[in-house]
2 protein chains.
Amino acid sequence: MPPRLPQPRSNTSEEILDIAEMLIETRGYSAISYQDISEQLGIRKASIHYHFPSKTDLGAAVVERYMQRFEQALAELEGDASKTAMQMFEAYTVPYMEFADTPDRICLCGALAGEILALPAPVRALVQRHFVLHQEWLARLLRRGARSGEFNFPGQPPRMARHVLAALQGALLIKRATGSLLQLSDTIAMIRSQLQSH
Amino acid sequence: MPPRLPQPRSNTSEEILDIAEMLIETRGYSAISYQDISEQLGIRKASIHYHFPSKTDLGAAVVERYMQRFEQALAELEGDASKTAMQMFEAYTVPYMEFADTPDRICLCGALAGEILALPAPVRALVQRHFVLHQEWLARLLRRGARSGEFNFPGQPPRMARHVLAALQGALLIKRATGSLLQLSDTIAMIRSQLQSH
DNA sequence: GTCTATACAAAGATAGAC
DNA sequence: GTCTATCTTTGTATAGAC
């Protein structure tokens with residue numbers, strides 16, 4: 001019996017999620033509407049409600065899909081025995097640089113964290129879970145580098161993981177607000193330096 | 001002739017600004033309404049429009065007042081010759097800890113940065129300016145500490161200033177999303193350590 | 001699955017009485 | 001300065017035809 005793959009959504013559903021994700025990353029959940037998506041996709045508002053009855057359903061679906069992609073990418077990175085810890089860290093920062101190369105997007109969960117109290121409960125719970133999993137992954141990476149002697153940072157891995165994630169999220173946020181790419185590149189440089197401090 | 005003081009606003013105007021500021025820090029600009037403020041203050045929506053005709057006026061007034069308070073506090077801190085650079089840094093972090101001690105607030109400009117593209121242009125410009133001034137102040141503090149030998153961090157002060165601000169803003173954001181105060185306290189500890197690295 | 005039409009509530013804003 | 005009343009637009013959502 002072939003492995004049970006996740007049921008693929010219809011093309012339209014996927015396109016709705018693509019547009020919704022992009023719009024949330026630019027304007028935030030509160031500020032987007034079915035009308036915005038409708039205009040970009042070229043179908044009517046009511047048709048979107050067919051795929052995602054409520055905005056809560058839509059928001060939750062966007063975050064779930066994002067988390068699945070994200071966690072899979074991290075798992076693959078973690079499983080690549082050919083990479084040093086620093087190479088893994090560099091690979092990990094690539095998506096941040098990609099976001100920073102757009103004029104108006106930040107990562108989905110950073111955007112949602114900014115309005116966490118305005119989110120419907122199911123969406124909020126997903127965002128919280130994302131941050132927990134994300135930091136646990138980072139802590140494992142840091143521990144691996146510390147054990148191998150590649151990294152030499154102060155404090156325990158979970159503490160440094162919190163610091164690294166905070167700095168990257170904050171850098172993306174301020175980069176978009178000020179338009180200066182240095183905000184992210186300098187932050188990454190300082191983290192890299194701190195990971196290798198002697 | 002006595003110095004021209006800034007014209008004090010009416011009590012009601014100030015109360016409106018107080019409530020609006022608090023609500024933006026918790027829910028964000030897009031998610032708050034004249035109705036929300038009306039309910040908390042116990043006057044009608046129309047009365048708020050008397051003080052601040054449009055939501056843009058209100059948002060700009062909130063940020064302007066915040067920036068004035070903020071910049072004055074930083075200037076006083078900077079002018080206090082009795083403090084070491086590290087003592088200044090510690091004093092600088094106090095408001096972050098105060099925000100983190102609330103369950104639901106982050107600093108105003110961090111909250112607004114999260115929805116920068118959804119903001120009316122005048123508000124957006126103020127937020128951008130705030131980040132510039134804020135980082136310039138931080139860079140001066142770092143330079144002072146580096147010159148005196150108190151600090152020993154990698155890179156130039158403006159780069160480290162970007163990193164420090166990013167980490168603190170990101171830590172507040174994730175602290176609120178996850179509820180863990182460690183997010184901020186660990187981040188501050190890591191920054192402190194990096195400022196004194198040898 | 002997509003459409004038109006519509007319901008319903010909320011938001012931003014204004015007019016005019018007091 | 002604050003009120004009631006009202007206007008207009010937008011947002012979320014549903015009903016029912018095609």
Side-chain angles (χ1 to χ4, degrees), chain A residues 7-63 65 111-112 114-115 117-124, chain B residues 7-63 65 111-112 115 117-124 126:
Chain A
Q7 201 61 19
R9 260 182 254 263
S10 75
N11 275 352
T12 305
S13 288
E14 286 295 331
E15 287 174 70
I16 291 169
L17 292 178
D18 289 342
I19 293 169
E21 181 174 328
M22 191 255 292
L23 286 175
I24 294 173
E25 286 166 354
T26 57
R27 281 187 262 161
Y29 178 85
S30 298
I32 70 163
S33 69
Y34 278 58
Q35 185 61 36
D36 297 324
I37 300 168
S38 159
E39 280 161 16
Q40 289 220 13
L41 187 53
I43 69 175
R44 295 283 155 161
K45 281 195 297 176
S47 310
I48 301 173
H49 279 285
Y50 168 79
H51 295 277
F52 302 98
S54 77
K55 195 177 172 183
T56 299
D57 296 325
L58 175 59
V62 168
V63 181
R65 194 184 66 155
L112 293 172
E115 45 186 348
L117 294 168
L119 299 180
V123 181
R124 197 185 308 180
Chain B
Q7 201 60 19
R9 261 181 251 263
S10 74
N11 276 351
T12 305
S13 287
E14 286 295 331
E15 286 174 70
I16 291 169
L17 292 177
D18 290 341
I19 293 169
E21 182 174 328
M22 191 255 292
L23 286 174
I24 293 172
E25 287 167 353
T26 56
R27 280 186 263 162
Y29 179 84
S30 298
I32 69 163
S33 69
Y34 277 58
Q35 185 60 37
D36 296 325
I37 299 168
S38 159
E39 281 161 14
Q40 289 219 14
L41 187 53
I43 70 174
R44 295 285 164 164
K45 278 198 300 176
S47 310
I48 301 174
H49 279 285
Y50 168 80
H51 295 276
F52 302 98
S54 75
K55 194 177 173 183
T56 299
D57 297 325
L58 175 59
V62 168
V63 181
R65 194 184 65 155
L112 293 171
E115 44 185 349
L117 294 168
L119 298 180
V123 181
R124 199 185 307 179
L126 287 167

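Quick note on labels: first sequence line is chain A, next is B, and so on, each numbered from 1.
In this structure, the side chains of Arg9(B) and His51(B) stay at 4.5 Å or more apart for every pair of heavy atoms. Counting heavy atoms from C-beta on, the side chains of Gln40(B) and Asp36(B) never come closer than 4.5 Å. You'll find the side chain of Arg124(B) stays beyond 4.5 Å of the side chain of Val63(B), heavy atoms only. The side-chain heavy atoms of Arg65(A) and Asp18(A), taken from C-beta on, include a pair separated by under 4.5 Å. Within the 4.5 Å cutoff, the side chain of Leu58(A) has heavy atoms near those of the Ile37(A) side chain. Counting only heavy atoms from C-beta outward, the side chains of Ser13(A) and Phe52(A) approach each other to under 4.5 Å.
Rounded to whole Å, atom C1' of dA5(C) lies 14 Å from atom NE2 of His49(A). With rounding to whole Å, Asp57(A) atom CG is found 13 Å from dT12(D) atom P. Atom CG in Leu41(B) sits about 13 Å away from atom P in dG1(D), given to the nearest Å. In this structure, the CZ atom of Arg44(A) is 17 Å from the C1' atom of dT14(D), given to the nearest Å. For the pair Phe52(B) CZ and dT2(D) P, the computed distance is 12 Å after rounding to whole Å. Between the CD1 atom of Ile43(A) and the P atom of dT2(C) there is a distance of 5 Å, given to the nearest Å.
Under a 3.5 Å cut-off, the side chain of Lys55(A) and the backbone N or O of Pro120(A) do not form any donor-acceptor pair. Checking side-chain atoms of Glu115(B) against main-chain N and O of Tyr29(B) turns up a donor-acceptor pair under 3.5 Å.
Residue Ser10(B) places its side chain closer to dG1(D) than to any other of dT12(D), dG1(D), dA13(C). Of the listed nucleotides (dC3(C), dT2(C), dT2(D)), dT2(D) has the atom at the smallest distance from the side chain of His51(B). Taking the side chain of Lys45(A) as heavy atoms from C-beta on, and the options dT12(D), dA13(C), dT2(C), the nearest nucleotide is dT12(D). Closest to the side chain of Tyr50(A), from the set dA13(C), dT4(D), dG1(C), is dG1(C). Comparing dT2(C), dA5(D), dG12(C) by their nearest atom to the side chain of Ala46(B) picks out dA5(D). Taking every side-chain heavy atom of Ser47(A) into account, dT2(C) is the closest of dC3(D), dT12(D), dT2(C).
Contact between the side-chain N/O atoms of Thr12(A) and the OP1/OP2 oxygens of dG1(C) is not found at any separation under 4.0 Å.
At a non-hydrogen distance threshold of 4.0 Å, Ile32(B), Ser33(B), Tyr34(B), Gln35(B) from residues 16-37 of chain B come into contact with DNA chain C.
For the helix from dG1(C)-dC18(D) to dC18(C)-dG1(D), the axis fitted to the five pairs at one end and the axis fitted to the five pairs at the other end meet at an angle of 0° (nearest 10 degrees).
Under the ring-ring contact (aromatic ring centres under 6.0 Å, His included) criterion, His49(A) pairs with Tyr34(A), sequence neighbours left out.
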